[in-house]
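All values below come from the heavy atoms of this structure, side chains included, with hydrogens, waters and symmetry mates left out.
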Amino acid sequence: MKCKRNWFYSFGTVLSGFLLLYIFLCCFMTGIPEGSEPYFYRGVLLAGLLAGLSAARLLAGLAARLRPARIFSSGKKWVFAAEFIFVASVIFAAVFLRLNLIEEGAHVLNEDETFYYEAAGLMAQGNLRIQGGTYCDMLAAAPYRMGYVWLLKAAFQIWGVRIEAGQYLNLFFAAAGLFFLYYTGRKLSGRTGGIAALLLGAFWPGTVSGVLVLTEEPAFVFFSFGCGALLAHLLTDYDKDHGRAGVCFAGCILLGMFLAIGAMVSPLMLFFLTAVMIVAALQKLELPNKPLNDIPLLLRFIHYGWVRCLLIVLPFWLLYGILFTNIEMAIDRDAAWFGGYFALSDYSGGIEPIIAALAGKFEGIWMGTGISAGLLAPVVFTGLLGIAFLRQGGGNFLYIYVFWFLGMTGMNLMSRNETFLLSPVLYILFLFAGHGMAGIFAEALSGRAQLLEIREQQIKQEEENREELERYRKAEEEVLKIREEALANVFDMQYALEHGHVIMTVSEAYKEQKQEQKTAGERDRSEVQNSEDSDSWEQIEKERTAFYGGPGDWNE
């Protein structure tokens, strides 16, 4: 199914591009090492970004000369095997790196981690309502925390009530989340985009150390990008050629259930659900090129985007209501849906103070994360390129993550709760950066293809010119040959008669004989006439000589 773009999608990409640009500017206002000259550090950082972009374009151009589409064709089995081995190796290396951090055991729990650890421990022992009255009150005020408490309780039942059990659980979520990140990037941005996003997620320092923290971030990444991978499969792999309407029908229901489970871990899943509704509701499946009566009724039913969205939303709210009821039964208290997570901040005093407060909070979020500008700036810069390529190119279901990014950043600006789940936003930036790298590579391939096309056209034109000249030369030689043959084939009748090459008929011989006789008679008459004339002339001469005398007599 192809995504059709509209003005609203374009507006979303422009707005997200401005936010990324703001984050990029924040990278130059923080993360400066102590004792360093600020302007020199920023200049070096900017020069490094430009050098990195130039190097990426150069490498993409060199790779394009090898014609990777011909070498790494998706139809070849060894390419699939090599890609599988590479992805598995990266995920294994990422797991090994995180496992070493867990084994070091040098992590100290903060206040939020202590809440999750003690609440899950009491639940694993069955004493939450008896000994954890305070925790039950906190869960009633913020029921979205209960999802990770349940997951942590399951880990404690497997590995015992200890910090490493939660870290092992986070390790599983991180490894699976990396695969879902790769799969989503692979479906939406191609092989290059998927691998680039995978490498960033696997070895980014914040995501590596995130497995040590007993919070909901790794679990939320697992559920959100797991739902994203399933959604990418339904949006890209399911088209009119499959003809399996039941698969799409069941997949939409399953996606709604996973979204509900993820919403119990973090209410930010609602923004993902909203983004899915905004994009997927306007997209239609392509029906087979058949008469309408020959198309299955179920396929015609799920052909419309709003129908598929309804198949996602209804299971979501149904399962979420069931899980929410279980939360109230577990804590024996009435809980508020989503708690005060979405309570708006009280901004008052005019437009200027509101804008100043929002800008200050936005800068505080991105400047207070402790991420080095040297690490964050390249990712944000490449993500800006990804947004630019998304805006420039055709429709892409990456719009879902654009609106999800806008929803989460807006929520953090408007809510009183300043909880900032950095990992999901970073993973979205990884997707944008992967799309940017894929765009650079695709642009290099396109430029190389255009250059090769121009050269091929020139070579083809030269060959056509040579062939045309060769045709003219052959035609001229043919004309000369025909002329020579024509001159050589002139018929010589006299030669043919003399050498007996021509046989005359009786009538022709008779006519020739009569002509010879006529010619001979005329010749005889002419001779007779000439002899008669000669005798007459001699007689006249004699008579004149007798009368006048001869020449000697004239002198006398």
Side-chain angles (χ1 to χ4, degrees), residues 1-3 56 60 63 68-95 173-204 207 221-239 241-242 247-248 251 255 258 272 275-276 279-280 283 379 382-383 385-387 389-390 393-402 404-405 424 426-445:
M1 182 169 55
K2 296 181 180 179
C3 180
R70 180 184 60 183
I71 300 174
F72 300 101
S73 176
S74 58
K76 298 179 180 179
K77 294 183 179 180
W78 72 269
V79 174
F80 173 79
E83 185 177 1
F84 176 80
I85 293 173
F86 178 80
V87 172
S89 301
V90 172
I91 295 177
F92 178 79
V95 170
F173 288 147
L178 286 176
F179 173 75
F180 292 145
L181 175 67
Y182 158 76
Y183 187 84
T184 304
R186 179 72 168 81
K187 290 296 181 182
L188 301 182
S189 303
R191 182 184 293 118
T192 304
I195 291 177
L198 173 64
L199 292 175
L200 288 173
F203 303 111
W204 181 265
T207 59
V221 169
F222 168 78
F223 283 106
S224 59
F225 281 88
C227 293
L230 177 58
L231 180 65
H233 171 72
L234 293 175
L235 294 176
T236 58
D237 289 346
Y238 186 85
D239 53 20
D241 295 330
H242 283 72
V247 176
C248 184
L255 177 60
F258 281 144
F272 183 74
V276 172
V279 177
Q283 309 300 324
V379 176
T382 314
L385 293 179
I387 293 294
F389 286 122
L390 182 63
N396 192 307
F397 287 106
L398 198 63
Y399 292 131
I400 293 174
Y401 293 89
V402 169
W404 190 28
F405 171 75
L426 283 177
Y427 273 71
I428 296 175
L429 292 181
F430 296 157
L431 282 180
F432 292 163
H435 193 71
M437 294 299 297
I440 293 174
F441 188 67
E443 193 177 57
L445 287 177

* Asked: Does OH belonging to Tyr183 count more than 12 external heavy atoms closer than 6.0 Å?
  -> yes

* Atom CZ of Phe203 with >12 non-hydrogen neighbours under 6.0 angstrom -> yes

Spacing of [atom1] belonging to [X] relative to [atom2] belonging to [Y], to within rounding of 0.5 Å:
X      : Y      : atom1 : atom2 : value
Phe397 : Tyr399 : CZ    : OH    : 10.5 Å
Ile85  : Phe80  : CD1   : CZ    : 10.5 Å
Leu200 : Leu426 : CG    : CG    : 10.0 Å
Met437 : Leu199 : CE    : CG    : 9.5 Å
Ser189 : Ile195 : OG    : CD1   : 12.0 Å

Please state whether the rings of [X] and [Y] are parallel, tilted or perpendicular, taking 30° and 60° as the class boundaries.
X      : Y      : value
Tyr401 : Phe225 : parallel
Tyr182 : Phe179 : tilted
Phe272 : Trp404 : perpendicular

Is the closest side-chain heavy-atom distance between [X] and [Y] below 4.5 Å?
X      : Y      : value
Ile440 : Thr192 : no
Leu385 : Phe432 : no
Ile400 : Leu235 : yes
Ile91  : Leu198 : yes

Do you know the tightest heavy-atom contact between [X] and [Y]?
X      : Y      : answer
Thr382 : Ala433 : CG2-O, 3.3 Å
Lys187 : Ala232 : CB-CB, 3.9 Å
Leu255 : Cys227 : CD1-O, 3.4 Å

* To do: Would you please test Tyr427 and Leu431 for side-chain contact (heavy atoms from CB on, under 4.5 Å) and show each step?
  => CA-CA 6 Å; Tyr427 273 71; Leu431 282 180; over 6 Å; no

* Asked: Backbone N or O of Trp204 within a donor-acceptor pair of the Thr207 side chain at under 3.5 Å?
  ->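 Checked: pair present.
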
* Asked: Do any N or O atoms from the side chain of Asn396 and from the backbone of Leu188 form a donor-acceptor pair under 3.5 angstrom?
  -> yes

* To do: Go through the steps for Phe180 and Phe222 under the test ring-ring contact (aromatic ring centres under 6.0 Å, His included), then give the verdict.
  => CA-CA 8 Å; Phe180 292 145; Phe222 168 78; 5.7 Å; yes

